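Note that the coordinates shown come from a computational prediction; the quantities given were computed from them, not determined experimentally.
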Amino acid sequence: MKQFFKDINLNTNGQKLIDFTNDVLEFVKSSKINNGILNLSILHTSASLIIQENADSDVQKDLLNFFDKLVPMDPKLYVHGIEGKDDMPAHIKTALTNTHLTLSIKNSKMILGTWQGIYLFEHRTNQQNRTVLSHIVGD
């Protein structure tokens, strides 16, 4: 059994979904793991990880609009707001989504469904530097 770690660093500029599937695929390929498990963990509390459709960008727009309506940036609604009006809404959006993703590796291929991509879901409005810890265990 072998294991490998890699930090994937992503720079964001406002609320959006950032497809970093290719970064993960490169890591899987370089690991030379035949069969195993890949775990992705975002090391932040105001951004999250999701697997989502990568064929139609309207899906991303709709997700952003939905979450902005679900968790509005209204400072009157929250106690916590040290870093601005997007501070607490970003934490709530992270709590509603994922901070970790686990995927299978089979026959040296990461298993994703048709039209699926791996996204960093940025919840803050200002530029951020995000780190996703990637960990592979397998043979």
**Message:** Pairing donors with acceptors under 3.5 angstrom, does anything connect the side chains of Asn39 and Thr102?
**Reply:** yes
**Message:** Whether the Asp86 and Thr125 side chains hold a donor-acceptor pair (N or O, under 3.5 Å, no angle test) is what I'd like checked.
**Reply:** yes
Same apolar cluster: [X] and [Y], side chain cutoff 4.5 Å:
X	Y	value
Phe4	Leu40	yes
Ile136	Ile8	yes
Phe121	Val59	yes
Leu120	Phe66	no
Leu64	Val71	yes

**Request:** Tell me, with the steps shown, if Leu17 and Leu63 meet side chain to side chain contact (heavy atoms under 4.5 Å, CB included).
**Result:** CA-CA 9 Å; Leu17 280 80; Leu63 281 169; 4.1 Å; yes
**Request:** May I ask you to say whether Lys93 pairs ionically with Asp68, meaning some side-chain N is under 4.0 Å from a carboxylate O?
**Result:** yes
Are the side chain of [X] and the backbone of [Y] linked by a donor-acceptor contact shorter than 3.5 Å?
X	Y	value
Thr12	Gly14	no
Ser41	His100	no
Asp56	Asp58	yes
Glu122	Arg124	yes

Looking only at non-hydrogen atoms, find the nearest pair between [X] and [Y] and report the distance.
X	Y	answer
Pro72	Pro89	O-CG, 3.6 Å
Trp115	Ala55	CE3-CB, 3.4 Å
His44	Asn129	CE1-O, 3.5 Å
Asp87	Gly81	OD2-C, 3.8 Å

Inter-residue atom distance [X].[atom1] - [Y].[atom2], 0.5 Å rounding:
X	Y	atom1	atom2	answer
Asn35	Ser108	CG	OG	7.0 Å
Ile105	Lys29	CD1	NZ	14.0 Å
His135	Phe27	NE2	CZ	8.0 Å
Gln128	Leu10	CD	CG	12.5 Å
Ile50	Gln116	CD1	CD	11.0 Å
Thr131	Lys6	OG1	NZ	12.5 Å

**Message:** Can you confirm whether Thr99 sits close enough to Thr94 that some side-chain heavy atom of one is under 4.5 Å from a side-chain heavy atom of the other?
**Reply:** yes
**Request:** Could you tell me whether the side chain of Ser46 reaches within less than 4.5 Å of the side chain of Arg130, counting heavy atoms only?
**Result:** yes
**Fill in**
Which of Val28, Thr21, Asp23 passes side chain to side chain contact (heavy atoms under 4.5 Å, CB included) with Leu25? It is Thr21
**Message:** The test is side chain to side chain contact (heavy atoms under 4.5 Å, CB included); show your working for Ser104 and Ile37 and say whether it passes.
**Reply:** CA-CA 5 Å; Ser104 296; Ile37 296 289; 4.2 Å; yes
**Prompt:** With respect to Tyr119, which candidate in Gln52, Lys16, Glu53, Gln60 satisfies the side-chain hydrogen bond (donor to acceptor under 3.5 Å, both in side chains) definition?
**Reply:** Gln60
**Message:** Run Asp139 and Lys2 through side chain to side chain contact (heavy atoms under 4.5 Å, CB included) and show every step you take.
**Reply:** CA-CA 6 Å; Asp139 58 19; Lys2 298 180 219 169; over 6 Å; no
**Message:** Could you walk me through whether Ile51 and Leu103 satisfy the side chain to side chain contact (heavy atoms under 4.5 Å, CB included) test, starting with their C-alpha distance in whole Å, then the side-chain angles of each, then the deciding distance to 0.1 Å, before giving a yes or no?
**Reply:** CA-CA 10 Å; Ile51 293 175; Leu103 295 158; 3.6 Å; yes
**Request:** Take the angle between the ring planes of His123 and Phe67 and call it parallel below 30°, perpendicular above 60°, tilted in between.
**Result:** tilted
